[in-house]
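What follows is a single structure, written as C-alpha cells, with notes after it.
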Amino acid sequence: MTAPLVTAWSYSRYAMYKECPFKFKCKHLDKLPEEGSAAMERGNTIHSLAENFTKGVWDPNWDAARREPIVPPELRNFAAQFIQLRELKAVVEQEWGFRRDWSHTGRPGWFGQDVWFRAKTDVHVLYDDDTLDMVDHKTGKKYQTNEDQVELFALAGFKRYPNVTEVTTRLWYLDIADHNENEVIRVYTRKDAANIQKDWEKRVKPMFNDRKFPPKPSGRCGWCSFSKMKGGPCKF
Ligand code: SF4
C-alpha cells in the first residue's frame, strides 16, 4: 500500500478538494502560489478588527457618555454581541491540531507530524457549566456551504474540551444588517459527536485515497489562479 499524498486536512482544504481536486493539488501539494483577491483582503482585515476589538486592543475612542467602547463600523451589525464577547473575555483566533484518532495534541497551534485535522476558531467561550459557544465571522454573502462546516466546528469543540456537554455554533454574517438573517445558530450535544465524526470520516476518505486529483471544471474556473487563462497548469 502506498502512502497517502494528503496527510492532514482542515475544513477549507476539504472544501477546495470538493470544489476541484486539481485546484487542491496545485495549492496544497504542489504549493503553487494563488492570487489574492480584494474580497479576501477585506475579509482578512475585518477578521483582524474583530479579533482586536474582542481582545480590547482596538480602542482609539471610548464613548464616555455611554461608558462603552466604540465598535468599529465594519462590525456594527453585531455591535452588542462584540461588546458582550469582550466583557466575557472570549478566546480569539486559535488553531487546534488533532491526531488521527481525533485526540487534541495538547499543544498550541496545529503544526507537527502527528496533526491530522486542523481547526481554526475565530472566537470561543467556555462556560463554567461545561457548555461552549463557538463563533465564526463571515464576510460577504451567505452561502449554504458555510452551514456544512458548523458540525465540524462543534466536533472540534467536543474533542478539544472532553468535558463539554453542549456546543453552540454561531455563524455571524457581519455584512448583513437584518438580524433575522445574519446569524445561523446550531446547538449540539455530546451524543451528536459520534455521528458527526462518522460522517466526516466518510467525507474526507476520497481526499486521502486520491492519487490522481482530476480537474473538475465549473463556473468558478474564471477565478481560478491555476486556470489556462491565467497561465496556470490546468487544461481548463
Ligand atoms: S481552472 Fe477549473 S478545473 Fe482547472 S484547477 Fe481551476 S477550478 Fe479546477
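Numbering of ligands and ligand atoms starts at 1, following listing order.
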Criterion side chain to side chain contact (heavy atoms under 4.5 Å, CB included) on F78 and N182, from CA distance to verdict: CA-CA 9 Å; F78 285 85; N182 65 7; 3.5 Å; yes

4.5 Å side-chain heavy-atom contact, D122 and V135: no

W9 vs F208 side-chain heavy atoms within contact, under 4.5 Å: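 SC-SC contact between W9 and F208 confirmed.
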
Protein N, O or S within less than 2.8 Å of atom 6 (Fe) of ligand 1, waters excluded: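 Checking every protein N, O and S atom gives C224 SG.
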
Region of K216 that comes within reach of ligand 1 [heavy atoms, distance under 4.0 Å]: backbone

Geometric class of the H124/Y161 ring pair [parallel <30°, tilted 30-60°, perpendicular >60°]: tilted

Sidechain-backbone polar pair: R190 side chain, P162 backbone, donor-acceptor under 3.5 Å: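 Yes, R190 side chain to P162 backbone: donor-acceptor pair under 3.5 Å.
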
cation_pi(K159, F98) dist<6.0 Å, angle<=45: no

